[in-house]
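All remarks here apply to the structure that follows.
Order of listing sets the numbers, starting from 1, for every ligand and every atom in it. Basis for what follows: all heavy atoms, side chains included, without hydrogens, waters or symmetry-related copies. What you are looking at is a predicted structure, and each value in this text was computed from that prediction instead of being measured.
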Amino acid sequence: MARIVMKFGGTSMAGTERIRRVAQIVRRQAAPKPDGTRDEVVVVVSAMAGETDRLVNFAREAHALYDPAEYDVVVASGEQVTSGLLAMTLQSMGCKARSWLGWQLPVRTVEAHAKARVETIDADALLASLAEGSIAVIPGFQGLSHEGRITTMGRGGSDTSAVAVAAAVKADRCDIYTDVDGVYTTDPRIVARARKLKAVTYEEMLELASVGAKVLQTRSVGLAMKEQVRVQVLSSFTDEDSPAADDLPGTLIVSDSEMDAILERNDMERQHVTGIAHDKNEAKIILTRVPDEPGAVAEIFEPLAAASINVDMIIQNVGRDKGETDVTFTIPQTDLPRAQALLEDRRGAIGFNRIITDSHIAKISVVGVGMKSHAGVASTMFRSLSDRGINIQAISTSEIKVSVMIDEDETELAVRVLHTAYGLDAAEE
Ligand code: ASP
Ligand code: MG
């Protein structure tokens with residue numbers, strides 16, 4: 001017997017037909033195994049695709065400055081609908097199932113509405129119900145605040161709900177069913193020879209998730225790493241005779257040591273680079289002729305931090321004459337108008353000359369734990385890009401990632417070139 005959490009995203013839950021397909025997948029997981037034992041199964045669901053957007057719009061139409069607590073009441077409802085529908089559908093197939101809403105468990109959350117964080121999940125009632133052979137269906141995304149109000153966890157938050165539930169019930173695995181069949185070396189729409197990865201480490205997935213490989217909500221990966229939850233990403237768009245989830249057809253997201261064991265079992269060598277991500281949603285700001293003196297950069301970045309604007313790459317150019325320098329950095333494109341206004345306001349205090357902005361940029365990142373122990377990953381990147389005439393505007397690195405900023409028009413070319421350069425292309429059929 002194993003205890004399995006299964007999570008289904010919005011496209012998997014979009015309509016009664018799809019929900020029926022999901023119910024079949026759940027029933028298969030919950031069916032008796034050859035040795036007569038059964039898995040305990042918890043299912044976490046998203047709202048139907050497009051539903052949360054629709055609800056957000058209603059809230060905005062009702063009141064431009066809506067009360068965040070009431071916003072949560074509205075947007076949490078999409079998951080309530082799908083959890084009830086899935087429980088009913090399972091019952092119609094002869095399975096024992098019931099829904100458990102966020103406030104019923106409860107899923108206790110802290111911090112702001114619309115971006116609540118899970119604090120604790122009371123799993124007692126849930127475990128008792130599982131022990132009686134009932135399938136538990138939990139709406140993702142929603143929780144309960146200390147004040148007894150409904151909260152939601154930020155867009156894409158059902159992934160985090162699923163991982164939190166898996167941690168609370170000490171699940172053997174958390175299967176995240178989605179519309180892709182795993183995590184790829186890069187976006188298969190850009191590189192036809194992208195390969196599905198058997199496994200990635202939490203660290204790698206965190207970098208890949210945050211740099212634009214949109215398979216999982218980044219927070220869910222951080223939580224999985226902290227709680228050591230084994231996650232598998234796999235497709236719900238399969239047919240009856242495709243391999244069972246227990247055969248691990250998707251991509252596993254695991255600890256370093258489990259990764260080593262997987263590589264060994266499959267007689268594989270760790271690649272220096274595991275995957276390549278791209279992100280077109282950043283914008284660049286250049287402040288010219290900033291005084292080259294202590295405190296100058298603090299003046300720039302403090303107000304941005306206070307406004308919760310995330311700065312990513314930063315370069316301070318070599319000083320010009322007269323003790324001045326240019327400072328270049330990137331922020332999310334959606335924050336550009338706010339950042340620009342904030343900086344204009346502080347023009348006097350910061351003492352810059354001009355502010356130049358550019359949204360026509362992309363960030364390309366190569367990621368891999370293998371680069372901890374191998375030199376030359378960055379230089380391969382720079383050489384491969386320059387051979388194709390791609391100009392690098394900024395660079396940032398971490399222990400397992402090298403990112404460059406380039407012209408947005410060159411994104412696809414850069415991704416293809418790097419995919420080949422690091423030997424990631426799948427063998428020709
Ligand atoms: N329904 C929510 C959203 O669309 C949460 C989720 O699906 O993960 O953001
Ligand atoms: Mg999602």
Only distances under 3.5 Å count here; give the side-chain donor-acceptor pairs of residues 22-34 to other protein atoms, sequence neighbours excluded, each with its distance to 0.1 Å.
from  : atom 1 : to     : atom 2 : distance (Å)
Gln24 : OE1    : Arg21  : NH1    : 3.0
Arg28 : NH1    : Glu240 : O      : 3.3
Arg28 : NH1    : Ser242 : O      : 3.3
Arg28 : NH2    : Ser242 : O      : 2.8
Gln29 : NE2    : Asp39  : OD2    : 2.8
Gln29 : NE2    : Asp246 : OD1    : 3.2
Lys33 : NZ     : Asp39  : OD2    : 3.0
Lys33 : NZ     : Asp246 : OD2    : 2.9

**Request:** Pick, from Arg155, Glu79, Met153, the option with the minimum heavy-atom distance to atom 5 (C) of ligand 1.
**Result:** Glu79
**Asked** Taking all non-hydrogen atoms of both residues, which atom of Ala166 and which atom of Val229 are closest, and how far apart?
**Response** CB-CG1, 3.7 Å
**Message:** Against ligand 1, does Gly156 come closer than 4.0 Å with any heavy atom?
**Reply:** yes
**Contacts of His272 that satisfy ring pair (Phe, Tyr, Trp, His ring centres under 6.0 Å) - sequence neighbours left out** = His374
**Request:** Can you sort out which atoms of ligand 1 are near Thr52, meaning under 4.0 Å from one of its heavy atoms?
**Result:** 1 (N), 2 (C), 3 (C), 4 (O)
**Request:** Determine whether any heavy atom of Gly10 lies closer than 4.0 Å to an atom of ligand 1.
**Result:** no
**Lys96, NZ atom: more than 12 neighbouring heavy atoms under 6.0 Å** = yes
**4.5 Å side-chain heavy-atom contact, Val107 and Ser161** = no
**Request:** For Ser46, counting its heavy atoms only, list the atoms of ligand 1 lying under 4.0 Å from any of them.
**Result:** 6 (C), 7 (O), 8 (O)
